Amino acid sequence: QVQLVESGGGLVQSGGSLRLSCTASGSIFRFTVMGWYRQAPGKQRELVATITSGGSTNYADSVKGRFTISRDNAKNTVNLQMNSLKPEDTAVYYCNADVFRTLAAWRTDNYWGQGTQVTVSS
């Protein structure tokens, strides 16, 4: 069992910043791909940003240049620094992790957090 807990969401004015954090607990050997997704009411869940074990990142076009994803493998955390926030960024943000649970594992398991609300006012 692996649990992901997000924190850092809240209400912020347009142009402001928030930093989301996701902390994992449970049986974990190594994270591979970790990322953030978001879902607004009535919309599909979409990728925001991901980061691989090698440190490569990718971002949705809508957040490029404004958001930065990072990870701390020692602490089993992934962060999302969100700057220059826009009302369009309002959504529930979900942490996702692809995890090797043991050294001998031949495949990864995937986990989701419960989500944290980000609301950007105009």
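Treat the numbers as computed from the prediction; the structure is a model and nothing was measured.
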Query raised in the report: Tell me, which pairs form a salt bridge (charged side-chain N to carboxylate O under 4.0 Å, His left out) where one or both residues lie in residues 41-59, sequence neighbours left out?
Result: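 Every salt bridge (charged side-chain N to carboxylate O under 4.0 Å, His left out) pair that includes a residue of residues 41-59, provided the two are not neighbours, is Arg38-Glu46.
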Query - Inter- and intrachain pairs under salt bridge (charged side-chain N to carboxylate O under 4.0 Å, His left out), touching residues 110-122, at least two apart - result: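 As it turns out, there is no salt bridge (charged side-chain N to carboxylate O under 4.0 Å, His left out) pair with a partner in residues 110-122 once direct neighbours are skipped.
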For the residue pair [X] and [Y], establish whether any side-chain heavy-atom pair is separated by less than 4.5 Å.
{"X": "Arg71", "Y": "Asn76", "value": "no"}
{"X": "Gln114", "Y": "Val5", "value": "no"}
{"X": "Gln81", "Y": "Ser17", "value": "yes"}
{"X": "Thr68", "Y": "Leu80", "value": "no"}
{"X": "Met82", "Y": "Val118", "value": "yes"}
{"X": "Tyr93", "Y": "Val48", "value": "yes"}
{"X": "Trp112", "Y": "Tyr37", "value": "yes"}

[X] side, atom [atom1]; [Y] side, atom [atom2] - distance, nearest 0.5 Å:
{"X": "Asp109", "Y": "Gln1", "atom1": "CG", "atom2": "CD", "result": "10.5 Å"}
{"X": "Leu47", "Y": "Tyr59", "atom1": "CG", "atom2": "OH", "result": "11.0 Å"}
{"X": "Leu20", "Y": "Cys95", "atom1": "CG", "atom2": "SG", "result": "9.5 Å"}
{"X": "Ser122", "Y": "Glu88", "atom1": "OG", "atom2": "CD", "result": "10.0 Å"}
{"X": "Glu6", "Y": "Cys22", "atom1": "CD", "atom2": "SG", "result": "5.5 Å"}
{"X": "Thr57", "Y": "Ile51", "atom1": "OG1", "atom2": "CD1", "result": "6.5 Å"}

Requested in this report: Begin from the C-alpha positions of Lys75 and Ser21 and carry the test side chain to side chain contact (heavy atoms under 4.5 Å, CB included) through to its verdict.
Outcome: CA-CA 11 Å; Lys75 296 184 179 297; Ser21 295; over 6 Å; no
Exercise: identify the closest heavy-atom pair between [X] and [Y]:
{"X": "Asp89", "Y": "Ser84", "value": "OD2-O, 4.5 Å"}
{"X": "Ser14", "Y": "Pro87", "value": "OG-CD, 3.8 Å"}
{"X": "Ser53", "Y": "Phe31", "value": "CB-O, 3.9 Å"}

Report task. Indicate, with yes or no, if Val92 and Val78 share a hydrophobic cluster defined by side-chain heavy-atom contacts under 4.5 Å among Ile, Leu, Val, Met, Phe, Trp and Tyr. Result -> no
Report task. Look at Asp61 together with Lys64 and state whether they make a salt bridge at an N to O cut-off of under 4.0 Å. Result -> yes
Query raised in the report: Going by atom types alone, do Asp72 and Thr77 pair a side-chain donor with an acceptor below 3.5 Å?
Result: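 The answer is no; no qualifying pair exists.
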Requested in this report: State whether the side chain of Arg101 and the backbone N or O of Ile28 hold a donor-acceptor pair below 3.5 Å, judged by distance alone.
Outcome: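 No; judged by distance alone, with no hydrogens or angles, the pair does not exist.
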Query raised in the report: Under 3.5 Å, is there a donor-acceptor pair between the side chain of Thr90 and the main chain of Val120?
Result: yes
**Report entry** Steps toward side chain to side chain contact (heavy atoms under 4.5 Å, CB included) verdict (Val99, Tyr111)
**Finding:** CA-CA 8 Å; Val99 178; Tyr111 298 90; 4.2 Å; yes
**Report entry** With sequence neighbours excluded, residues passing side chain to side chain donor-acceptor pair (under 3.5 Å) with Thr119
**Finding:** Gln117
**Report entry** Residues Asn79, Ile69; criterion side chain to side chain contact (heavy atoms under 4.5 Å, CB included); working and verdict
**Finding:** CA-CA 6 Å; Asn79 303 305; Ile69 189 170; over 6 Å; no
Query raised in the report: So Phe67 and Trp36, ring pair (Phe, Tyr, Trp, His ring centres under 6.0 Å) or not? Walk me through it.
Result: CA-CA 11 Å; Phe67 291 9; Trp36 290 93; over 10 Å; no
